Amino acid sequence: MNRTELLKRVGNILLRTPSLWVVTLIGVLVQLLPNFVLKDQSIASGLIQTTITFIITAFTAGALIGLVNLAVKQKQAATTASIDLASPSTEQESASIVTGIQFGLRPLLKLLLMSLIVMIPNWIIVFFASGSDPAALFGSFGQPDSIQFQLSLLLSDLSYFLSIAGVLFIITLVTSALMVVVQRAVVLDNLPVIAAFKYGWSLLRTKIGDFITWGLIMVLIPFALDTLTVLIVSGLLSANLDGIVVGTIYRTLQVISGLLITVSSSAIWTLVYREWQNPTVIEAAPDEKRVSKGKVRDK
């Protein structure tokens, strides 16, 4: 797999598909809404927030996978000049916000069910580690996107690795690896949930080395963004700016970081999944610069 070429294509998709960012931002804003509406810390509030997180996470996953896949198809069709205007096809769909919402809604129930299944091991450990406190299930460790939170803990304090956080991190890492394949099997190949898990486990075992390599590459994304955020906030604090202003900037940077991590990770894994299924998808498509140079030589 030509990783440099794949990353270039990911960058091209992120720059040329603004609907990816808009759909993800909509999900982030909806997910943040309960924080302003629900002020109490009751179990009911935690349940509502967790439910919304599950729905938005599943919706965003489906929307991003579908939009990225559509963008790749459009690029391939434009490169080969093989679009058949006489018959409708997915390549002719517009990678718009409406299309993204449709991609997110179609497999929503399947994606929700898969998220619940993979979170069960986490919930069991959190429940017993917290002294059978049901409220602990609605904390950061009980969320479907908790891998980023756990990673930030481990990067900031490696002693967490020897605690319950370390155990949860390993479990979440395995389930997240499985979800990378399973989600795409559902969205792109329209497989049933059980069949998607079987296919995901089979594919992951054969591609485990490649997955680890890409996983290590993408660890750098949140690490770099967290470091940049800390540097910016530290600079603002040293400039003696008002605490409210610094807090607002910090929360804004967190939202931007979350957008970058979510969109870029989804795009990378979607292209990697396509490459796993068909190596020619990524590497056989000629680079635009090579095509242009070839035309110049022909002249």
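Just so we're clear, the structure is a prediction, and the values are computed from it rather than from any experiment. Only heavy atoms go into these numbers, but all of them, side chains included; no hydrogens, no water, no symmetry mates.
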inquiry  = Given 3.5 Å as the limit, does a donor-acceptor pair link the side chain of Trp21 with the main chain of Leu15, or not?
reply    = no
ask   = For the atom pair CD (Gln74) and CZ (Arg16), what is the distance rounded to the nearest 0.5 Å?
value = 12.0 Å
key: Val181 reachable from Leu116 in the ILVMFWY side-chain graph, under 4.5 Å edges   = yes
Acceptor/donor pairs from residues 184-204 side chains to any protein atom, 3.5 angstrom cut, sequence neighbours excluded:
{"residue": "Arg184", "atom": "NE", "partner": "Thr270", "partner atom": "OG1", "Å": "3.2"}
{"residue": "Arg184", "atom": "NH1", "partner": "Val180", "partner atom": "O", "Å": "2.9"}
{"residue": "Arg184", "atom": "NH2", "partner": "Ser266", "partner atom": "O", "Å": "3.3"}
{"residue": "Asp189", "atom": "OD2", "partner": "Tyr273", "partner atom": "OH", "Å": "2.5"}
{"residue": "Asp189", "atom": "OD2", "partner": "Gln277", "partner atom": "NE2", "Å": "2.9"}
{"residue": "Tyr199", "atom": "OH", "partner": "Gln277", "partner atom": "NE2", "Å": "3.2"}

message = Can you give me the closest heavy-atom contact between Leu70 and Thr99, atom names plus distance?
response = CD2-CG2, 4.1 Å
inquiry  = Using the rule given for side chain to side chain contact (heavy atoms under 4.5 Å, CB included), can you reason through Glu275 versus Lys207, listing the C-alpha separation, both sets of side-chain angles and the distance that settles it, and then say yes or no?
reply    = CA-CA 11 Å; Glu275 171 69 7; Lys207 301 293 184 180; over 6 Å; no
task = Indicate if Val22 and Ile13 have the same hydrophobic cluster label, given that clusters are the connected sets of ILVMFWY residues with side-chain heavy-atom separations under 4.5 angstrom.
result = yes
Working for side chain to side chain contact (heavy atoms under 4.5 Å, CB included), residues Thr262 and Thr60 = CA-CA 9 Å; Thr262 301; Thr60 304; 4.1 Å; yes
Intermediate values then yes/no, side chain to side chain contact (heavy atoms under 4.5 Å, CB included), Thr248 and Arg251 = CA-CA 5 Å; Thr248 302; Arg251 285 188 290 271; 3.8 Å; yes
ask   = Which pair of non-hydrogen atoms, one from Gly27 and one from Ile56, has the smallest distance, and what is that distance?
value = O-CG2, 3.3 Å
query = If we only count heavy atoms from C-beta on, is the Arg3 to Ile217 side-chain gap below 4.5 Å?
reply = yes
message = According to a hydrophobic-cluster definition based on side-chain heavy atoms being under 4.5 Å apart (Ile, Leu, Val, Met, Phe, Trp, Tyr only), do Ile117 and Leu109 belong together?
response = no
query = With a 4.5 Å heavy-atom cut-off, do Leu111 and Met114 have their side chains touching?
reply = yes
request  = Specify the closest pair of heavy atoms between Trp214 and Leu7, including all atoms of both residues, with the distance to one decimal.
outcome  = CZ3-CD2, 3.7 Å
key: Partners meeting side chain to side chain contact (heavy atoms under 4.5 Å, CB included) with Ser234 (sequence neighbours left out)   = Val230
note = side chain to side chain contact (heavy atoms under 4.5 Å, CB included) filter on Val174, not counting sequence neighbours, yields none
note = d(Leu14 CG, Arg9 CZ) to nearest 0.5 Å is 14.0 Å
ask   = Quick one: hydrophobic cluster around Val98, which other residues, with the 4.5 Å side-chain cut-off, linked directly or via members?
value = none
key: Ile101 and Phe59, any side-chain heavy atoms less than 4.5 Å apart   = yes
key: Test item: Thr17 side-chain N/O and Leu20 main-chain N/O as donor-acceptor pair under 3.5 Å   = no
ask   = To the nearest 0.5 Å, how far apart are CG in Leu253 and CG in Leu260?
value = 10.5 Å
query = Are side-chain heavy atoms of Phe54 and Met119 found at a separation under 4.5 Å?
reply = yes
request  = List for me each residue that meets side chain to side chain contact (heavy atoms under 4.5 Å, CB included) alongside Ile221, sequence neighbours excluded, and say none if there are none.
outcome  = Met218, Leu225, Ile261, Ser264, Ile268
query = Closest approach of Ser19 and Ser96, non-hydrogen atoms and distance?
reply = CB-C, 3.6 Å
task = State the OG1-CE distance between Thr57 and Met179, to the nearest 0.5 angstrom.
result = 9.5 Å
key: Donor on one side chain, acceptor on other, Thr50 and Thr53, under 3.5 Å   = no
key: Gln183 side chain reached by Pro107 side chain, heavy atoms, under 4.5 Å   = no
message = If I compare all heavy atoms of Leu67 with all of Val23, which pair ends up nearest, and what's the gap?
response = CD1-CG2, 4.4 Å
key: Heavy-atom side-chain contact between Val233 and Ile249 under 4.5 Å   = no
ask   = Just wondering, more than 12 heavy atoms not from Ile244 lying within 6.0 Å of its CD1?
value = no
key: Other cluster members, Ile208 - Ile/Leu/Val/Met/Phe/Trp/Tyr, side-chain contacts below 4.5 Å   = Ile212, Leu216
